[in-house]
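Both counts, for ligands and for their atoms, begin at 1 and track the order of listing. Sequence positions, counted from 1, serve as the residue numbers for this chain. Only a predicted model underlies this, so the values are computations on that prediction, with no experimental measurement involved.
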Amino acid sequence: MTADGMPEVDRAAASRAAIAARRARAEVKEAVRTGRRSALDVAETAWRDPSGIEGGMRVRDLLTTLKGLGPARTLTVLDRLGIAPVKRLGGLGHRQRAVLRDWLKRRSAVPGHGRLVVLAGPTAVGKGTVSAFIRENFPDVMLSVSATTRRPRPGEIDGLHYFFVDDAGFDRMIDSGEFLEWAVVHNLSRYGTPRGPVQEALASGRSVLLEIDLDGARQVRAAMPEATLVFLLPPTWEELVRRLVGRGTESPEEQARRLETARVELAAQDEFDALVVNDDVRRTAAEVVDLLAVPGAPSRA
Ligand SMILES: Nc1nc2c(ncn2[C@@H]2O[C@H](COP(=O)(O)OP(=O)(O)O)[C@@H](O)[C@H]2O)c(=O)[nH]1
Ligand SMILES: Nc1ncnc2c1ncn2[C@@H]1O[C@H](COP(=O)(O)OP(=O)(O)O)[C@@H](O)[C@H]1O
């Protein structure tokens, strides 16, 4: 026994564990300092597993590894964000996580490097309509073209609306790691975002818009935490039903099934960075383009 009442062996083990954790945290900081990991990735990892190495890091220690942020400026930033300097990443509450995530995202928006925005939302809210408006009116935005196993509809052009592939072709794309994300949508067909064009566009300074389902949006968040996730909302539930029925592309049974899914999807809106109500297509598109911070785009169309 030692003076503090702790058995000598336990004390030695605890201090070895503390030294190992300190060393692991120092390695994480080094990875951020040298650009091998983004601060946002470290924070998101901490929030997935608050008891892990990243979760045990002080927010102050993470921020001081960022370029241009010495100890004094870090304290000013933390004060502005309403986060106490002693706080550890894993101990931040929901609201504090949201403000820190936002702040890190804005910092990582490097000039000359495009932004990635994901547009999701319930069926028939108008994702396709808003994306088409952006494609026609904001040519600076790159709209990612997905691969899908669903059959082309009349008027749809391969390579413009989708890359239409068969099941074997889609399997090959999965196996060769070509997808940034992919999912089975409406229990029917597979859809996936080819990774290469997205990364090339971002690296060349173009902003990219992905119009994908909720499952895909979650995968993008995990793979690229710097992406901005936008959830499109209908003005009212009744209007959503009106749009789905009015589109007239699904049978009544299929409409009922999609509305069930829509309820589940609407419940996920809190996971998103921005909520945009699709009341008027032109206004909604302008709001989404604002989030893409496209140079030269009008702030309100
Ligand atoms: N995860 C994922 N979803 C996609 C992708 N491309 C399209 N989707 C979603 O697939 C759904 C079906 O699209 P579509 O076949 O055009 O039919 P729609 O429901 O009539 O618009 C839409 O909700 C899209 O958001 C993709 O690459 N990945
Ligand atoms: N802002 C809007 N106001 C009125 N109708 C809209 C609006 N946006 C879309 N719509 C209509 O709602 C229906 C569903 O839109 P669509 O783009 O196919 O939805 P999604 O791609 O989300 O499934 C279409 O008939 C479309 O014309």
Side-chain angles (χ1 to χ4, degrees), residues 116-137 142-165 169-170 173-174 178-198 208-224 227 229-251 254-255 257-262 264-266 268-269 272 276-288 301:
L116 178 62
V117 169
V118 174
L119 187 63
T123 185
V125 71
K127 300 179 295 295
T129 306
V130 171
S131 307
F133 187 91
I134 292 174
R135 187 189 353 247
E136 279 153 31
N137 294 279
M142 188 197 113
L143 241 82
S144 161
V145 179
S146 301
T148 181
T149 57
R150 104 154 146 63
R151 300 289 101 223
R153 294 177 185 150
E156 282 184 333
I157 299 167
D158 188 37
L160 177 66
H161 297 103
Y162 284 104
F163 293 109
F164 295 100
V165 296
F170 203 92
M173 291 179 82
I174 296 175
E178 276 182 60
F179 287 126
L180 176 58
E181 61 74 39
W182 70 269
V184 177
V185 180
H186 301 317
N187 270 330
L188 278 171
S189 311
R190 291 184 290 174
Y191 293 80
T193 306
R195 185 195 302 274
V198 172
V208 177
L209 184 67
L210 307 183
E211 191 245 291
I212 58 178
D213 83 327
L214 184 60
D215 188 358
R218 287 176 173 145
Q219 294 175 47
V220 173
R221 154 131 301 156
M224 299 177 79
L229 267 55
V230 182
F231 194 83
L232 218 51
L233 285 169
T236 59
W237 174 259
E238 289 70 30
E239 173 62 14
L240 183 71
V241 177
R242 239 192 318 276
R243 286 183 192 174
L244 178 64
V245 175
R247 184 169 65 180
T249 44
E250 289 84 19
S251 65
E254 180 60 21
Q255 284 172 2
R257 210 165 62 82
R258 288 199 181 198
L259 285 173
E260 277 306 306
T261 312
V264 177
E265 289 174 335
L266 282 166
Q269 57 185 273
F272 283 69
V276 176
V277 177
N278 178 21
D279 40 15
D280 169 78
V281 176
R282 173 183 290 269
R283 195 206 59 77
T284 305
E287 199 171 330
V288 173

Which part of [X] is near ligand 1, with near meaning a heavy atom under 4.0 Å away: side chain, backbone, both or neither?
X	result
Glu211	both
Thr193	both
Arg151	neither
His161	neither

(message) Under 4.0 Å, heavy-atom basis, I'd like to know which part of Asp279 is in contact with ligand 2: side chain, backbone, both or neither.
(response) backbone

Counting non-hydrogen protein atoms only, what is the nearest one to [atom]? Give residue, atom name and distance.
atom	value
atom 16 (O) of ligand 1	Tyr162 OH, 2.7 Å
atom 12 (C) of ligand 1	Tyr191 OH, 3.6 Å
atom 14 (C) of ligand 2	Ala124 O, 3.5 Å

Which of the atoms of ligand 2 are close to [X], meaning less than 4.0 Å from one of its heavy atoms?
X	answer
Lys127	17 (O), 19 (O), 20 (P), 21 (O), 22 (O), 23 (O)
Gly128	17 (O), 20 (P), 21 (O)
Val281	1 (N), 2 (C), 7 (C), 8 (N)

(message) Ring centroids only, cut at 6.0 angstrom: are Tyr191 and Phe179 within range, meaning strictly under it?
(response) no

(message) Looking at Glu178 and Arg195, is any side-chain nitrogen of the basic one under 4.0 Å from a carboxylate oxygen of the acidic one?
(response) no

Heavy-atom proximity to [atom], best of [options]:
atom	options	value
atom 15 (O) of ligand 2	Thr129, Leu119, Val125	Thr129
atom 18 (P) of ligand 1	Arg153, Lys127, Glu250	Arg153
atom 7 (C) of ligand 2	Glu250, Arg258, Arg243	Arg243

(message) Yes or no: does Gly246 have any heavy atom under 4.0 Å from an atom of ligand 2?
(response) no

